[in-house]
Amino acid sequence: MRVSFKLHEYKLRIKYILTMIINPNKLISDSKEISNHNEQFDHLANRLSKQNIEVKPLLDKLAAFQVAIPSWALGAGGTRFGRYSYFGEPATLEQKLEDVGVLHSLTKTAGAVSLHIPWDIPEDYKAIKELAQQLDLKFDAVNSNTFQDAAGAKHSYKFGSLSNTSKDARQQAIAHNKEVIQIGEKLGSKSITVWLADGSSFPGQHNFQTALSHTQDSLKEIYKSLGEDWKLFIEYKPYEPYFYSTVIQDWGTSLMLANECGEKAYTLVDLGHHLPNTNIEQIVSTLMFKGKLGGFHFNDSKYGDDDITVGSIKPYALFLIFNELVYGMANNPQNPELSWMIDASHNLKDPLEDLIQSLESIQITYAKALLVDQERLKQAQQHHDVSLCQEILQEAYLTDVRPLVRQARVQSNAPIDPLKTYRNLGVREELIKERGKNTVATGL
Ligand code: LRH
Ligand code: MN
């Protein structure tokens, strides 16, 4: 749908939304809220300094921890059993950036967006980059899509894309990924994420070796198109949409393919892409040890790839993952800076509220992991003092770090309570007034 995008008009509208948010403390946060926060923060800061834990470095790390928002998760997701809109959904890429701009103004930790192609092909690159800049947003990894047949596509991906026995289908999928890299280059992105639905639903349907060999050769073809400072993230998943085998089913297969491609290829860990009870924190530590962990798709799940709010089901598991990340970021210089992204789908919650809660959960869990006394833990591990090892981890996990996360936000000129501010400002009502009730966001 071609939307006549008059930037100056747009700036006005965004200005209106954002000015309401930019300086919330003056607008919204009542003195009681601020004094409560200051009291709780001072109390925690004193407690931590008694443990010789400096607060400033923690606040700096929290403020610097920017998570990319998935462009495909700003509308109501839906399942095969139904989709319930939340109204006021972003109907254009510009409106999606606006929503991410609101999230970033409210949290100051959502300073990037991850686009999915062809759902988000920019029509006006100059205007889009200007808008992103105005919203203080960067373009993180771009995502290719060879799990749906694009309109007018010559070859179908029904039986696979990079692994398809049809050379034409493989070539078409390779060309699409190269086009996605070009789109990313025009936007200033520095990485592409490749997730393949490729797999089979019945025994005998696939020759596993042929499918893997085609995929390997196709990825190596795509790899050749990467710019000098670009990265290729290979995302694995055990099942869905196919239910017997998936070509890139687990971290080992992704790592093997990344090694085959070269030093600019890495494994991407989507938290929902693991069979029940998988020890994801051990996968993370192994990939960092090998210098091959590229990034994350944060979400949570109870059963399958549920893509629900981060930390809403398994907060301790997320803490153990962040504990390995903190250890790895301090001890594995061989692993590059990580790409932090959320990958979610919203069926019941307002997408922006859900993302605010996910961002909060990521900050809280990172803060708890930063409190782990890694040196003391190492000692206890050396001496096989198993009980003490658990005590050291849980001491950090059971610390209420919310005053720390709030202080990092306040210092970044964001509201003390983003969700409350979002509601107090009636942002959803504003968006519905502006966009109406029939807009549908592209994506999942
Ligand atoms: C696959 C996945 C992948 C995206 C898609 C939207 O389940 O996690 O990261 O391309 O969701
Ligand atoms: Mn994902």
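Numbering of ligands and ligand atoms starts at 1, following listing order. Note that this is a predicted model, so its numbers are computed, not measured.
Within Asp270, the N, O or S atom at minimum distance from the Mn ion (ligand 2) carries the name OD2. The N, O or S atom of Glu235 lying closest to the Mn ion (ligand 2) is OE2. Taking the Mn ion (ligand 2) as reference, the nearest N/O/S atom within Asp343 carries the name OD2.
In this structure, Phe243 and Tyr239 have tilted ring planes: the angle between them lies in the 30° to 60° band. Taking the six-membered ring where the residue is Trp, Phe147 and His116 present perpendicular rings, their angle passing 60° and hence far from 30°. Classified by interplanar angle (parallel below 30°, tilted 30° to 60°, perpendicular above 60°), the ring pair Phe322/Trp340 is parallel.
Contacts between Asp343 and ligand 1, counted as non-hydrogen atom pairs separated by less than 4.0 Å, involve the side chain only.
Metal site remark for the Mn ion (ligand 2): His297 contributes an N, O or S atom at a distance under 2.8 Å.
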Go through the steps to decide whether Tyr242 and Gln205 satisfy the test side chain to side chain donor-acceptor pair (under 3.5 Å), and finish with yes or no. CA-CA 11 Å; Tyr242 304 115; Gln205 177 188 341; over 6 Å; no
Exercise for review: Please report the C-alpha distance between Ile356 and Tyr422 in whole Å, then the side-chain angles of each, then the deciding distance to 0.1 Å, and finally whether the side-chain contact (heavy atoms from CB on, under 4.5 Å) criterion is met.
Suggested key: CA-CA 9 Å; Ile356 289 169; Tyr422 175 84; 4.0 Å; yes
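Each of the atoms 7 (O) of ligand 1 lies under 4.0 Å from some heavy atom of Asp305. Atoms of ligand 1 lying under 4.0 Å from at least one heavy atom of Trp72, given by number and element, are 6 (C). Ligand 1 places these atoms under 4.0 Å from at least one heavy atom of His116: 4 (C), 6 (C), 10 (O). Close approach of ligand 1 to Asp270 (heavy-atom distance below 4.0 Å) involves ligand atoms 8 (O). Those atoms of ligand 1 that come under 4.0 Å of a heavy atom in His297, given as number and element, are 9 (O).
A distance of 9.0 Å separates OG in Ser254 from CD in Glu235, rounded to the nearest 0.5 Å.
Here the side chain of Ser312 pairs a donor or acceptor atom with the backbone of Thr309 at under 3.5 angstrom.
Any N or O atom pair closer than 3.5 Å counts here, and Ser144 shares no such pair with ligand 1.
Heavy-atom neighbours of Phe289 CZ from other residues, nucleotides or ligands within 6.0 Å: at or below the threshold of 12. By the 6.0 Å contact criterion, NZ on Lys314 is enclosed, its count of non-hydrogen atoms from other residues, nucleotides or ligands being greater than 12.
The nearest heavy-atom contact from the protein to atom 9 (O) of ligand 1 is Glu235 OE1, 2.7 Å. Distance from atom 7 (O) of ligand 1 to its nearest protein heavy atom, with residue and atom name: Lys237 NZ, 2.9 Å. Scanning all protein heavy atoms for the shortest distance to atom 6 (C) of ligand 1 gives Leu444 CD1, 3.2 Å.
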